[in-house]
Structures are given as structure tokens and as C-alpha cells.
**Student:** 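This is the structure I have questions about; it appears just below.
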Amino acid sequence: MATTTKTDDREGAADAQFDDAVDEELEANVGWRYTVTQVRRDPTALGGLAIISVAMIVAVIAFVDGTLFEYLAQYAVFANLGIEQYAIAKAVWVSPLAETGSPILRPPMGITNELYPNEPGTFAHPLGTDHRGRDVLVRLFYGTRIAMTVGVVSTGIALLVGMLVGSVAGYYGGLLDDALMRGVETLYAIPFLVLVIVFMVAFGRNLIFAMIGVGIANIPTFARLIRSRVLSVREEEYVEAARAAGVRDRNIIMRHVIPNSFAPVLVQATLQIGVSILIVAGLSFLGYGAQPPTPSWGQMLSNSRDYMLPNPWFSIWPGLAILVTVVGFNLLGDGLRDALDPRINN
Amino acid sequence: MGRAQYTIRRIIQAVPVLIGVATITYFLMEAMPGDPVSIMLGPSPSASQAAAIRAKYGLDQPVWVRLLNYIVDAAQLDLGRSLYYKVPVTQKIAERLPVTLLLLASSFGFAIVTAIPLGIISAKRRNKPTDHVSRVVALLGVSTPSFWIGLMLIIIFSYRLNVLPATNLVLPWAPVASVEGATSRIDVLVKTARHLLLPTLSLGTLQMAALTRIERSSMLEVLGEEYVKLARAYGVKETTILRKHAFRNAQLPLITLLGLQLTSAIGGAVLTETVFSINGMGRLIITAINNQDFALVVGTTLVFGLVFVIGVIITDLSYAFIDPRVSYDEAE
């Protein structure tokens, strides 16, 4: 929209006036406060929130515990070394964390006990031990850290890039739209798992690239969603009204198009974290996630395959951990959808 | 625009997507550390040996030249030779693709046959116990890793109860003589069915759950439409409304999802094939990646892309078939 400096003030005033009117309406109907109230009343969303909170807390404890333990373990070894010796020791340092677990998380559970592999649950090891005598519960705890980080970070990447691509394509249309959406379609045509594995083999077989890879693989989901929202919101009457009132394009996008596109995006992002956790579990199962001895749920399941007969529980627990966590995100996503889209409620 | 014309246009539109798939995979494989030639010849090949191999497989040319050559060859159905298996890629794919298609077809079949009734019952008895049960099943289905379902099924049905086999899938088209204990084609098919049951449940559960959810919400939406209310007001029987007025219109979102689910189902097939040791495309591509088998990775991915593209085109075509209001001009 062409604007000249002369009309800027008048347009600014129109912007403000129109925004106030719309804000009031939003506040009453679909504002954040309304959403929070709706979510609070919804048992499914609350259930999901509870599960996610527990997983978050476990992940944070495992993270703090791991970092602290790492520091203490390094301190014990490095404290009395000279600078040169320190450099050498640091270079060959292998964290004992993943092998033995930290003293904080498992004081009564003992260290790795090679004498008691494949134990069923006991008081000392509530969920039993794995094939190397490692406590399954502690490894599940550490696995939470990885699952949550990967789920959230990869979804964040997908969301940011997808939002950019989708809104540009939707708003400008034409050739740019065609080109971008063909690209997105191409990305979508390669199965997620294959794309991420090839990506990881090309750039690095570790968690960082797993997160980036899953993020890239999920871009199409968000790009398509945001584009379709932008296209429909652009045609809404209130946007037309804003345009008629002389509001500038940029302001229309920032104040009306994006906020009104955001509800389904938020829902999708919540659900997508769950999907990402599933994908990463699959990657780890195939040997393309966190590398051993760092515990991750998928890798624990992969290890358990050789011991399914003597120790089926070893296969059951990590799967249940994945299931419960993903259920949490799905419940919250469904709850948010109901709260954000009042049309479904009646 | 007629159906044939529309189909042709869609196929032409799919070409750039497939070229894109080949390009992305090609460059990712190119970025891989390590040298396929040294993998082939062992750790310390002689320079002349390596050069000969490079020339034979065209590895001595710049990447974009090779990519262009590859695309031209691929258009003529030549996907190069596998470095690992030492046979043409197309031969390897022709061997494995039917297996994966069989697995996908049985999973989608299972998903559709269970999801549609579940979704309809759920919508019909909204907020009654049946609805709750079906919603919980669907929720658990979309939240469970498919390979874990596979592991659990193996533990229960193969190890504990010992009623269903976990490995050694018998292919329905295998020669009767080569299948142990089979005397006729029917024996072979029965064996195939028994072998396919667990992988189908493992891979199909996610699709089933996703489809149930969409079927339920779509049915609910249609049942709330004005014309359904009108039919009710006229005293039309509920079953008639369901069958004649609601069912067909509620299937469009389901079809969209079916097309989109293909790509995640192929990813799931990679895992399911690993769990059940099925020699399909999924295990093929994992072997290929692990051995840096350049041509085989790109070729397999391209075929995955092709399966997906065909799936989406069929989806779009069936739109217009199910809903006459959709014309070929609008459907894009």
C-alpha cells in the first residue's frame, strides 16, 4: 500500500482507533485471559499440563544433577593437576555420569552393578536393572532430559522457520508463494525419518543435529498451516475494515493477521512437541540419536531388544515413559484447541 | 477441465517436487564425511584402483554435473548401480518395494476399517462411555511409538503366548515350494496373513488413531449442519441421516489426512521393518545409509517421494469423486 508522509499521522490515528476497538472485542472473546480461564476449566488440558510439568521437573533435576556431578567429578580428578597435565586430562576426559549415575539421584541405588544385570524390580532398583546392571529408573530420568530438550528445541526451530516461510508465502502470493510452497512440498515428500537420518549422517551423528534435523523435517507442517491461516485471515472482514480505515499493511500483518493466526499454531506446536519426541525416540532406536552411554528412551528400547525374553520390563518402561509424555502434550494440545476455538465448544 | 487433463497437470506439477527430492538427498549425501570409494576398496586402495572406480561411477566429475546426469538418467528409469550390493538400484528397489507396499497397504486397510466405525460411533454417542473409550484408544494410539507397540506385541504374542511369528515374513507371491510346510497357494497366503498381523497392528495403530480422531470431529461437524437438522425435523430416521446425508460429506478430511499420513507411515515402516526384520525399503535405506551407498540412498528416497506424490494425486482425484461440488479447477 502506497503511503506518503503527509497521510502518515492520519493513518497512525486510524491504526490506534481501530486497534482499540478490536482489542476490546478480542479481550472479551478470544484474549489470553479468556484462554487461560478456559484451560483452567478443562480437565484434559490440566491433565496434560500436570504430566508436562512433572516431566519438566524431572528433566531439570536430571540436568542440574548431571551438570553438578560432572563438575564435582572433574574437580576430583583435575584439582591437583598442573596446567599442562590438566589440558591432557581434559582432552581425554570421559564423563562417568552416564555409566554410574550421580550420587544425588541414586544414593541408595548403588553404582553400576555388573553382578546383577537384568534384575526385576527390587527395593534398591525399583524398575530393575538393564543388561549391564544399570538402574533403569535413573536412566529413564536422564532420558527425560533429552526427550524434553529435543522436543521443545526442534519444534521451536520448525515454528520459527515455518512461520517466516508461511507468512511470506501467504502474504505476498504469486511466484514467491509458488516457489516457497513447492520447496515445502519437496521437504514433505521425503519421509521424516529418512530425511533426518540422511541429514545426521551428513553433518553429525549427535543430538544437536538430531534437533536441527527434526526441526527442518517439521517446517512443512507449520509453513502450510500459517500460510493457510494468513490467506484466510487476510480475507476476514475485520482486516478489510482495517484496510478501509487506512491501516498500513505492516500493521495489519503484525496486529491482526499474525495474532489471529496464532491460535492454531500454538495448538499445532504443542502437538508437534509430542510428535518430535516420537520421531527422536525412533531415531535413537535406529542408533541415530544420543550416542551411548548417554541414556535416551529410544536407545534403551533398542538395547532391550536382545533381552526381551529374560527381562521384558526393560522394554516396557522406556516405552511407557514416551507414551505418558506424549499423551501429556496431546492432552494439552487438545485442551488448548478447545479453549482457543470457541466454535467447537457449543 | 476434465479428469484426465487434471491428472496430467498434477503429474507435471509433481516433477519439480521429485527433482527437488533428488537434489536435497544428493547434496546431503555429498556432504557426508568419508569416501564411498575407500569404503568399497577397503582402508588403503591404490591410487590407480581408486581412480578407475571413480571414473567408472562418474565420481570424478563436479557434483552438479553428476546431479544433472542423475536426473536425466532417472527420467529414463536408470537410478545407477548400488556400490554395496553391486546390482542396479532399480533391481534392488523392484525386489523390496512390493514388500513395503504390502505392509503399508495392510496397515492402511486395518486403519480405515477400524477408524471409520469407531469415529462414527464416537460422534453418534458423544460424551457417552463408548465415546470416551474410543477417544482414549485414539489418544493412546497417536501417543505410542509404533516400534514399541511392535516390541510389546512380540513379547506377548510371540514369546509369552507363542501364537504368532515375529520374524521371517512369508511373501504372498513366494513360490509354494520355497515356503516350509506349504502345499498350496492358500497355505502361503494363510502364512502371510499370520506373519503380517503383528507388523500391521504395529504400524497401523498410529494411522487408525489419527483417522478415528478426524472421523469423529468431522462427523460431529456434519451432524451439526443445517441440512442434517432439517432432515431430522422432517422425521428422517437417524440411521438414514448417517448413511445418506452425513457419511459421505464427512469423509473429505479423512481423505486429506490419509494422503498426508503416507509420508509418516513410510517413516514408520522403516522402524516396523527393523523390529520385525522385514526386508523392505525401510531396511534397505538404512543399510544403504550405513554403507554410504550413494545411488541406493538417493534412489530409495526418490521412490519414497514418488509413492507420496502418487498418494497425494490419488487423494485429490478422490475428492472430486466423493464430493461432486469439488471441481477439478478448484482442487489444487
Side-chain angles (χ1 to χ4, degrees), chain A residues 44 179 182-183 185-204 217 220-221 224 271 274-275 277-279 281-283 285-288 297-298 301-302 304-305 308-309 312 315-316 318-320 322-331 334 337 343-344 346, chain B residues 13-14 16-21 23-25 27-33 139-140 142-149 151-152 154-156 159-160 206 213 217 220-221 224 260 262-271 274-275 282 285-286 289-290 292 297 300-301 304-309 312:
Chain A
T44 22
R182 270 304 107 79
E185 214 172 293
T186 306
L187 217 49
Y188 200 85
I190 307 177
F192 297 144
L193 214 58
V194 172
L195 180 62
V196 182
I197 291 176
V198 176
F199 180 82
M200 284 177 74
V201 174
F203 293 107
T221 315
R224 283 161 168 235
L271 299 173
V275 174
I277 292 176
L278 287 179
I279 297 178
L283 280 176
F285 183 73
L286 293 171
Y288 291 92
W297 293 338
L301 280 175
S302 170
S304 77
R305 284 183 73 196
M308 281 194 297
L309 205 49
S315 309
I316 293 173
L320 279 181
I322 300 171
L323 172 62
V324 170
T325 314
V326 178
V327 163
F329 283 103
N330 279 330
L331 285 178
D334 289 351
R337 176 182 293 148
R343 277 171 304 172
I344 299 173
N346 48 47
Chain B
Q13 278 176 347
V17 171
L18 290 176
I19 292 178
V21 169
T23 311
I24 291 176
T25 327
F27 278 101
L28 281 177
M29 289 299 291
E30 190 63 31
M32 256 184 209
L139 175 69
L140 294 179
V142 292
S143 310
T144 317
S146 62
F147 59 95
W148 185 64
I149 298 179
L151 292 178
M152 293 300 103
I154 290 178
I155 289 180
I156 297 169
Y159 289 177
R160 298 279 143 164
L206 174 68
R213 282 158 74 102
S217 65
L220 279 178
E221 197 170 302
L260 296 177
L262 248 183
T263 173
S264 74
I266 293 173
V270 175
L271 290 162
T274 307
V275 171
I285 197 167
I286 296 292
I289 291 172
N290 287 338
Q292 301 208 4
V297 174
T300 323
T301 316
F304 281 148
L306 189 66
V307 171
F308 174 70
V309 165
V312 170

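So that the names make sense, note that chain A is the first sequence line, chain B the second, and so on, each numbered from 1.
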**Student:** Let me know if B:L18 has heavy atoms under 4.5 Å from chain A in its side chain, its backbone, both or neither.
**Tutor:**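 No part of it gets close to chain A.
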**Student:** Please name the pair of heavy atoms, one in B:M152 and one in A:S315, separated by the smallest distance, quoted to 0.1 Å.
**Tutor:**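 For B:M152 versus A:S315, the nearest heavy atoms are CE-O, 3.6 Å.
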**Student:** For B:W148 and A:L320, indicate whether the former's side chain and the latter's backbone hold a donor-acceptor pair under 3.5 Å.
**Tutor:**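 No, B:W148 side chain to A:L320 backbone: no donor-acceptor pair under 3.5 Å.
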**Student:** Which bit of B:L151 comes within less than 4.5 Å of chain A, counting heavy atoms only: side chain, backbone, both or neither?
**Tutor:**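 Interface part for B:L151: both.
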**Student:** Taking C-beta and beyond as the side chain, do A:E185 and B:P16 meet within less than 4.5 Å on heavy atoms?
**Tutor:**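 No, side chains not in contact.
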**Student:** Does any heavy atom of chain B fall under 4.5 Å from the side chain of A:I277, the backbone, both, or neither of them?
**Tutor:**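 Neither part; nothing is under 4.5 Å.
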**Student:** Where is the tightest heavy-atom contact between B:S264 and A:F192, given as atom of each residue plus distance?
**Tutor:**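 Between these two residues, the closest heavy atoms are CB-CE1, 4.3 Å.
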**Student:** First locate atom CG of A:L195, then atom CD1 of B:I24, and finally report the distance between them rounded to the nearest 0.5 Å.
**Tutor:**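 Interatomic distance, A:L195 CG to B:I24 CD1, rounded to 0.5 Å: 7.0 Å.
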**Student:** Hey, which of A:P191, A:G183, A:G282 has the most heavy atom pairs under 4.5 Å with chain B?
**Tutor:** A:P191
**Student:** Which one, B:I266, B:L306, B:I155, leads in non-hydrogen pairs under 4.5 Å with chain A?
**Tutor:**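 Highest number of heavy-atom pairs under 4.5 Å: B:I155.
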**Student:** As an exercise, state the distance from OH of A:Y288 to CG of B:N290, rounded to the nearest 0.5 Å.
**Tutor:** 3.5 Å
**Student:** Which pair of non-hydrogen atoms, one from A:L193 and one from B:G267, has the smallest distance, and what is that distance?
**Tutor:**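 In this case the closest contact between A:L193 and B:G267 is CD2-O, 3.3 Å.
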**Student:** What part of B:V275 gets within 4.5 angstrom of chain A, counting heavy atoms only: side chain, backbone, both, or neither?
**Tutor:**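 Both parts, heavy atoms under 4.5 Å.
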**Student:** In terms of heavy-atom pairs under 4.5 Å, which option from A:I190, A:L271, A:L187 contacts chain B the most?
**Tutor:**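 Option with the greatest count: A:I190.
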**Student:** Is any side-chain heavy atom of A:D334 less than 4.5 Å from a side-chain heavy atom of B:R213?
**Tutor:**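 They are in contact (side-chain heavy atoms under 4.5 Å apart), so the answer is yes.
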**Student:** Non-hydrogen atoms of chain A under 4.5 Å away: do they reach the side chain of B:T274, the backbone, both or neither?
**Tutor:**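 Contact with chain A involves both backbone and side-chain atoms of B:T274.
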**Student:** Quick check: do B:L28 and A:F203 have side-chain heavy atoms less than 4.5 Å from each other?
**Tutor:**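 Yes - at least one pair of side-chain heavy atoms lies under 4.5 Å apart.
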**Student:** Just give me the residue among A:L286, A:V198, A:V194, A:I316 that pairs up with chain B most often, heavy atom to heavy atom, under 4.5 Å.
**Tutor:**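 Among A:L286, A:V198, A:V194, A:I316, the one with the most close pairs to chain B is A:I316.
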**Student:** Under 4.5 Å from any heavy atom of chain A, what part of B:V21 do you find: side chain, backbone, both or neither?
**Tutor:**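 Both backbone and side chain.
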**Student:** For B:V142, is it the side chain, the backbone, both or neither that has a heavy atom under 4.5 Å from a heavy atom of chain A?
**Tutor:**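 Both backbone and side chain.
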**Student:** Looking at A:L323 and B:L140, what are the two nearest heavy atoms and their distance?
**Tutor:** CD1-O, 3.9 Å
**Student:** Is it the backbone or the side chain of B:F304 that comes under 4.5 Å from a heavy atom of chain A, or both, or neither?
**Tutor:** both
**Student:** Could you tell me whether the side chain of A:L278 reaches within less than 4.5 Å of the side chain of B:T144, counting heavy atoms only?
**Tutor:**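 Side-chain contact under 4.5 Å: no.
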